[in-house]
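Data block below; observations after.
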Amino acid sequence: VSPQWLLDLWERGRGLHPIDQGLLAASAAFPDDSESVADWPMGRRNRALAQLHAAVFGPVLHGWTACRDCQEQLEFRLDGRALAEGAAAAPDDRIAIGTRRYRLPTSRDLAAVAEEADADAAVSRLLARCLVGSDEPADEANVDAIGDQMAAADPLAEIQLRFECPNCGGAYDEPLDLAAFLWAELEASARSTLADVHRLARAYGWSEAEILALSPARRAAYLELVAG
Ligand SMILES: [Zn+2]
């Protein structure tokens, strides 16, 4: 992955909703599938993002969160490559509850309900979108069972992190938004590259393209000279 490619991706995704940033990153990583990534079940999208993360930043997902109870900073480390190689979604992307069948939610579905402020209303609209081959309304009384079956059919759709706080003893699970996580790393990497370009351009008068074409070793060596 070239620094130019990362900068272009960051520039195109700035200010987008995390769902759209995730789609952009998955399409950039898998350009042959770019037409269909919005219709991938979320687990497949997450697998693509984990693969992209491994290719660009290495396999370890390393981050921090504030303890839900006492705000202590809690660290997490996750093997993104193991995640990417984990269980695949059910091949037919369908689950059945009673007489009704549902497809697994996709980025397109989540984007369609993302603006819904009321969580129950968002779930209702999501169920209605995912219901297939039925004129009856979605079976909202079974929403928990539907959610459980969807999670079982597409285990990577939601990644749960387990936190145990050494400060207050609290223990809880929290979902990891892989798109937001990856984007935060892209953002930091792009900012750092731009800062390098800024320093070298100012010192030597080189163009952005010339600086980005330097190997990492040469770029680091010139930065050291400039700092010295
Ligand atoms: Zn705590």
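Note that ligands are numbered from 1 as they come in the structure, with each ligand's atoms numbered from 1 the same way.
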Partner of I146 under side-chain contact (heavy atoms from CB on, under 4.5 Å), picked from I97, L126, L131, is I97

Note to self: Around atom CD of E115, are there more than 12 heavy atoms from other residues, nucleotides or ligands closer than 6.0 Å?
What the structure shows: no

Between Y172 and F163, how do the two ring planes meet: parallel, tilted or perpendicular, split at 30° and 60°?
tilted

Residues passing the side-chain contact (heavy atoms from CB on, under 4.5 Å) test with E35, sequence neighbours excluded, are none

Here the Zn ion (ligand 1) sees protein N, O or S atoms within less than 2.8 Å, and their number is 4

Cluster membership besides F30, Ile/Leu/Val/Met/Phe/Trp/Tyr side chains within less than 4.5 angstrom, sorted by chain and number, is L23, V37, W40

Sorted by chain and residue number, the side-chain hydrogen bond (donor to acceptor under 3.5 Å, both in side chains) partners of N167 (sequence neighbours excluded) come out as none

